[in-house]
2 protein chains.
Amino acid sequence: MPTPRRAPLKRVTLEEVARAAGVSRATASRVVNGVTTVDEAIRSAVQRAIADTGYVPNPAARSLVTRRAEAVALVLPERARLPGDPFLGRLLRGTSRVTGDHGVHLVLMTMDANTRDQVAADLHRGRLDGVILVHPGERDPLPRRLVESRFPVVLSARPAEPLAVTHVEADQRAGAALAADHLRSLRRRRIVTITGPLHTAVGHDRLAGFRDTLADPDLAWVEGDFSRESGAVGMTHLVEAHPDLDAVFAASDLMAQGALSVLRARGRAVPADVAVVGFDDSGVALACDPPLTTVREPVEEMAAELARLLLHHIDHPDSPPARTLFTPTLVHRHSA
Amino acid sequence: MPTPRRAPLKRVTLEEVARAAGVSRATASRVVNGVTTVDEAIRSAVQRAIADTGYVPNPAARSLVTRRAEAVALVLPERARLPGDPFLGRLLRGTSRVTGDHGVHLVLMTMDANTRDQVAADLHRGRLDGVILVHPGERDPLPRRLVESRFPVVLSARPAEPLAVTHVEADQRAGAALAADHLRSLRRRRIVTITGPLHTAVGHDRLAGFRDTLADPDLAWVEGDFSRESGAVGMTHLVEAHPDLDAVFAASDLMAQGALSVLRARGRAVPADVAVVGFDDSGVALACDPPLTTVREPVEEMAAELARLLLHHIDHPDSPPARTLFTPTLVHRHSA
DNA sequence: CTGAAAGCGCTTACAG
DNA sequence: CTGAAAGCGCTTACAG
């Protein structure tokens, strides 16, 4: 039996529900928008008319007068990097949950140096009420430009330059301290670390937090770039320079994984001979053998908060910039 | 120096550029929209006025008359599953590339049985011109409902029930055949497989393609559910029942990884003793030790095509349903 | 509490 | 090729 081909139904307008309810368009509009000063009998007449006609407000018409798009953008760093981003899912889950609850559309965009102007232009077109900027580059001028033009914006990390902008932040030092405490509680004597790039705030803070907590003036470390390869290289240097090491903190799971493969190749058992702690609790942490003990940022909660902060900023453009600090947790698995 | 607080600039309207150019609003509108029948001198006068005033069309006003939102939805399966989805990044990259090129917003939504009606309602609100439905559940009534109401929709896989709907598809049999051919070319004599859930089309087709190509009537297999754990369990059964096995095809990378850990625990070297081929080329393929040889679907290209098909369908509502079939490739790494 | 009217900023037949 | 006018479907002062 062929599918019956229904004609696209003519959409019903407010005009028609007003007529059906025997009231003016203005009154009908008021009950649609939940204005409380409407007579109860009239309200229910209108509500019945809405139900009977199957009325759905035309959002374009509404936007035209309210000047609200009921949509915000989630701007991700580089399209090319999307496939490898371990936090994408958690990020989307957190933001979409709160935008969804508020009936606000979440529109996804990516931005790099080449597409920045397009993105900026799009933001000012009026189809978006605000924007969540995820990890903009350190010298990206967009955050400042948006703040100055008073376009609602929130950032997923501390701004590179001092800027009065709403953002969330994970306490990197506290996270690294967790790793240090754990390794110490394991009675490890010769602890080393593979750091992230030290010119980045994150890389620097993780080393600082780890070192401060360990309070070991002789802490041996080598700088990595968060990649698996740099973890392997770093681990190789470290075992050779310090054959007696019995614990390593890698500032990313990927580096921890690189370290693990070197350790295995050299016959050092993990965690028996060497305890390994990573950072991120990304997908690879579970994929490691043994599964990685690692520091986890509450990415999803941070993303949800980001959305909440943005929505609040849109409704209260003159409220001062806010900042929410999140504390990481240690996920105990088998590598340490 | 404090940031100067600029007043939000009053947006300039088409009325003003028309006045600045000394033409009617209608004419100004025509040049904005690239209508070709405008006198050249007038066109450039208007263009200058646009540049001078910094005019940007109000999308709500435009949408109100064109009845186009210039936005499409990407509807992902379950919000809860987002963090573990290995294809999310590739999917977003493919779709956002083509929607971005067309100036169409990509709005992200998730849907499960509980939120289906909300999503459906949102689609019919008029803020969306079409929808990409990613792997809807086998008994999800939404695809059919959308097709019947003539709402532009495309699917990321073959529809569960026969339905005239535009979709893309990866040739699962051909993908599995690639794995079989490769293992055979390696001169493996005792080949086994861990399948996906056989009640799903994907699980079934991968086994069928593998078995048909191998043409081994005695092919040993055990059914898994695509998870790491089921891969480990399956591998255990298989080695015990067939101690002489020298190759295994797992219908997912996760299962392959589970198999790998069992093999290692039992002292079987990979690939020397046992060759292992996975399916998906997800992030774990690279995280495996050794890195996995695996079958890869061109997810990003499929996603881009999905967006293209949807945009075409929106512009040509009466064109017949289309389908694009994609052929997987084999990614050679070290496990086989 | 309610309605008539203005207005949001465009596009598009329709005349000319 | 161009313009005057109608119309898209709402919301919101303003009177009453």
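Note that this is a predicted model, so its numbers are computed, not measured. So that the names make sense, note that chain A is the first sequence line, chain B the second, and so on, each numbered from 1.
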(message) Would you say A/Asn58 places a side-chain N or O within less than 4.0 Å of OP1 or OP2 belonging to D/dC8?
(response) no

(message) Just the rounded figure in Å: distance from C1' of C/dC10 to CZ of A/Arg125.
(response) 15 Å

(request) Would you kindly give the CD-to-P distance between B/Glu16 and C/dC8, to the nearest whole Å? (result) 11 Å

(request) For D/dA13, give its Watson-Crick or G-U wobble partner with both distances under 3.5 Å, or none. (result) none

(request) Evaluate the side chain to side chain donor-acceptor pair (under 3.5 Å) criterion for residues A/Thr324 and A/Glu305: first the C-alpha distance (whole Å), next the side-chain angles of each, then the deciding distance (0.1 Å), finally the verdict. (result) CA-CA 8 Å; A/Thr324 310; A/Glu305 173 71 357; 2.8 Å; yes

(request) Round to the nearest Å and state the distance from A/Arg68 atom CZ to D/dT12 atom C1'. (result) 16 Å

(request) Quick one: pull up CG in B/Leu74 and CG in B/Leu92 and give me the separation to the nearest 0.5 Å. (result) 6.5 Å

(request) For the side chain of A/Leu64, starting at C-beta, report the closest nucleotide among D/dG9, C/dC10, C/dT11. (result) D/dG9

(request) Take atom CD1 of A/Ile42 and atom P of C/dT2, then tell me their distance rounded to the nearest Å. (result) 4 Å

(message) When both hydrogen-bonding distances must be under 3.5 Å and the geometry is Watson-Crick or G-U wobble, what is C/dA4 paired with, if anything?
(response) none

(request) Could you give the distance separating C/dT12 and C/dG16 at their C1' atoms, to the nearest angstrom? (result) 16 Å

(message) Please compare B/Glu15 and A/Val23 by the position of their nearest nucleotide in DNA chain C and report the one closer to 5'.
(response) A/Val23

(message) Looking at every heavy atom in both B/Arg145 and B/Ala120, which two are closest together, and how far apart are they?
(response) NH2-CB, 3.6 Å

(message) A quick test of your reading: do over 12 heavy atoms of other residues, nucleotides or ligands sit less than 6.0 Å from CZ of A/Arg43?
(response) yes

(request) Calculate the interatomic distance between A/Tyr55 atom OH and D/dT11 atom C1'; express it in whole Å. (result) 10 Å

(message) Nearest whole Å is fine: how far is D/dG9 C1' from B/Arg127 CZ?
(response) 16 Å

(message) Under 4.0 Å from OP1 or OP2 of D/dG9: is there any side-chain N or O of B/Arg67 that close?
(response) yes

(request) Please check the phosphate of C/dT11 (OP1 and OP2 only) for any side-chain N or O of B/Thr66 closer than 4.0 Å. (result) no

(message) I want to confirm an ordering. Mapping A/Arg25 and B/Val56 to their closest nucleotides on DNA chain C, which one lands closer to the 5' end?
(response) A/Arg25

(request) Indicate yes or no for a side-chain donor-acceptor contact from B/Asp129 to the backbone of B/Val72 under 3.5 Å, with no hydrogens or angles considered. (result) no

(request) Take the protein atom CZ of B/Arg62 and the nucleotide atom C1' of C/dC8, then report the distance between them rounded to whole Å. (result) 16 Å

(message) Measure CG/A/Leu14 against C1'/D/dT12 and give the value in whole Å, please.
(response) 13 Å

(message) Taking 4.0 Å as the cut-off, does a side-chain nitrogen or oxygen of B/Thr27 come that near to OP1 or OP2 on D/dG3?
(response) yes

(request) Tell whether B/Arg30 reaches the base of D/dG3 with its side chain through a donor-acceptor pair below 3.5 angstrom. (result) yes

(message) On DNA chain D, compare the nucleotides closest to B/Ala26 and B/Thr37; which residue's is nearer the 5' end?
(response) B/Thr37

(message) Taking the nucleotide of DNA chain D with the nearest heavy atom to each, does B/Ser24 or B/Val65 sit closer to the 5' end?
(response) B/Ser24

(message) Check whether A/Asp39 reaches the backbone of A/Ala41 with its side chain - one donor and one acceptor, N or O, closer than 3.5 Å.
(response) yes

